[in-house]
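Structure first, then comments.
In listed order, ligands and their atoms are each counted from 1. Heavy atoms only: backbone and side chains are in, while hydrogens, waters and symmetry mates are out.
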Amino acid sequence: MEDMEKIVALAKRRGFIYPGSEIYGGLGGTWDYGPMGALLKKNIKDIWWKDMIQLRDDIVGVDAAILMNPKVWEASGHLEAFTDPLVECRIDHERIRADHQDEIEEHVKDHHPDKNDWTEPRKFNLLVKTYLGIIEGKQQEVYLRGEITQGVHVNFKNVVDSTRVKIPFGIAQIGKAFRNEITPGNFTFRSREFEQMEVQYYVKPDEKESMEIYESWKKNRMDWYLGLGIKEENLRFKDHSPEERAFYAKAATDIQYKFPWGWDEVMGIHHRSDWDLRRHQEYSNQKMTYRNPVTGEEYIPWDIETSAGVDRSLLMFFADAYSEGEKGVVLKLHPKLAPYKAAVFPLLANKLDLIEKAKKLYLSLKNGFMVAWDERGNIGKRYASQDEIGTPYCITIDFQTLEDNTVTVRNRDNASQERIPLESVKTYIIKKVESN
Ligand code: GAP
């Protein structure tokens, strides 16, 4: 947990993550991403979107509304079953999740060690309620979506009818979800407002074939995290036993990461059978079937879902990249994830020739990717500052540049330096970032 404190401090100090509405004392379970955090988050989402939609022919993307007809949540089962068991302390009315025994014990120890009196567990719905309309008393009660999933399922027919998708195919989405978490905590890990990246992959209702697709998604998602640099020993699958999973699910697993507080979930991969589409068919009276254009066979497809938290993935990338070297913190983010791909330094801030040359390079690089500029202090301090935010390459324009048009490129991970022609800097960086 000491590591966690360092991570939280770095995140705040370097503009990755701040407590939500901090100047008013914050709001539990909400976080604001600063300039570096917003870039890192965007990079995660962009890479995911590219891998899922741009590079594949079998997945299309949607962007559905956060506010949905409340019937959606009846059909999906969230109104009835999206609950956590909660116990209430009879002494000071603190509410804690019944399955969080350590928190219950800690509460007693900290507040009234000689008294321990709790209610029986009660169900507490996690959906966040709000109201639409302006006339008091006539407002419509709606919910902020508790998962982004249902916005995909309710558009299943629209997508089939308006595009050329053929089963098996997926619908991908990235977006915000809201949950009235009883005990938000572990930094951004359990928040009340967070983002998800999901694919609902619709397949033929066939036991063997669907299980093969489920297994291939497990591998695909694990490889994705490994490919973005997460250390293999820090990732594992945690399969759900039949007792742990929903009655309609045919298989389910979590990808877990070894966070400073222990193994915890960053993504769920679920074989959800035809549960969601069948329920929407029942509640909306609209057909949710797919018709094979060749064989004429008609069925409600089964759904293999992969659901990752953007914020949790970001926290994992951040924690995994955190390292302490001789000269301070180095955030060894995969170059594709790094907020800035490069930083440009004129050796001295008061030499016009150097500044001019460096500015020209800076502006030309900026057109292709995010670049930082720094002319303060000595070069060592500038390197250290970029290391802390994970910039993989630092380029220095010095007196030799004025003579032979070469620059020094310094590598974040091993502090090695090489001299390359000024005109090849842009392709050098692009190649390095892409090939990593
Ligand atoms: N549609 C399936 C679904 O929502 P989930 O396991 O409840 O499944 C999927 O959530 C992912 O969303 C989790 O693996 C996690 O990464 C993220 N997530 C869930 N609740 C979260 C919370 N309170 N704060 C941050 N991320 C959360």
| Shortest protein contact, atom 6 (O) of ligand 1 (heavy atom only) | E265 OE2, 3.1 Å

| query | Centre of W302's six-membered ring, under 6.0 Å away, within 45 degrees of the axis: is that where NZ or CZ of K250 sits? | reply | yes

| note | In ligand 1, the atoms that come under 4.0 Å of a heavy atom of E181 are 22 (C), 23 (N)

| Short N or O distance, A308 and ligand 1, threshold 3.5 Å exclusive | no

| message | Under the salt bridge (charged side-chain N to carboxylate O under 4.0 Å, His left out) test against E195, which residue among R312, K176, K45 passes? | response | K45

| Y18/W31 aromatic ring centres below 6.0 Å | no

| query | How far is atom 2 (C) of ligand 1 from its nearest protein heavy atom, and which residue and atom is that? | reply | E305 OE1, 3.2 Å

| field | Considering all heavy atoms, the nearest I182-R97 contact | value | CD1-CG, 3.6 Å

| request: Looking only at distances, please establish whether an N/O atom of ligand 1 is found under 3.5 Å from an N/O atom of H270. | output: no

| query | Counting from 1, what ligand 1 atoms have a heavy atom of S191 closer than 4.0 Å? | reply | 22 (C), 23 (N), 24 (N), 25 (C)

| remark: atom 15 (C) of ligand 1 sits nearest the protein heavy atom R312 NH1, 3.4 Å

| task | Let me know which of V199, I59, D58 forms a side-chain contact (heavy atoms from CB on, under 4.5 Å) with I53. | result | I59

| request: Return the orientation label for the W261 and F189 ring planes: parallel under 30°, perpendicular over 60°, tilted otherwise. | output: perpendicular

| message | List ligand 1 atoms under 4.0 Å from E198, heavy atoms only on the residue side. | response | 1 (N), 2 (C), 3 (C), 4 (O)

| query | Thinking salt bridges, do K287 and E298 make one under a 4.0 Å N-O criterion? | reply | yes

| How does E147 reach ligand 1, if at all, at less than 4.0 Å between non-hydrogen atoms: by side chain, backbone, both, or neither? | side chain

| query | Of the protein's non-hydrogen atoms, which lies at the shortest distance from atom 17 (C) of ligand 1, and what is that distance? | reply | G309 CA, 3.7 Å

| note | Any heavy atom of D254 under 4.0 Å from ligand 1? The part involved is neither

| message | Give me the nearest non-hydrogen protein atom to atom 10 (O) of ligand 1 as residue plus atom name, then the distance to 0.1 Å. | response | Q196 NE2, 3.4 Å

| remark: Closest heavy-atom approach to atom 22 (C) of ligand 1 among W31, F178, F194 is made by F194

| salt bridge (charged side-chain N to carboxylate O under 4.0 Å, His left out) assessment of D387 paired with K332 | CA-CA 8 Å; D387 283 349; K332 294 189 172 174; over 6 Å; no

| Measuring from the heavy atoms of V266, does anything fall under 4.0 Å of ligand 1? | yes

| task | If you have a sec, work out which protein heavy atom is nearest atom 9 (C) of ligand 1 and how many Å separate them, to one decimal? | result | S307 OG, 3.0 Å

| Hey, which of R278, R279, R272 is the one that makes salt bridge (charged side-chain N to carboxylate O under 4.0 Å, His left out) with D276? | R272

| field | I134 atom CD1, over 12 foreign heavy atoms within 6.0 Å | value | no

| field | Where ligand 1 meets M267 - atom numbers and elements under 4.0 angstrom, heavy-atom basis | value | 14 (O)

| Should R122 and E88 be marked as a salt bridge (charged side-chain N to carboxylate O under 4.0 Å, His left out) after you check the CA-CA gap, both sets of side-chain angles, and the distance that decides it? | CA-CA 9 Å; R122 265 181 311 203; E88 187 172 319; 3.3 Å; yes

| remark: Any heavy atom of R179 under 4.0 Å from ligand 1? The part involved is side chain

| query | What residue and heavy atom of the protein are closest to atom 25 (C) of ligand 1, and at what distance? | reply | F189 O, 3.1 Å

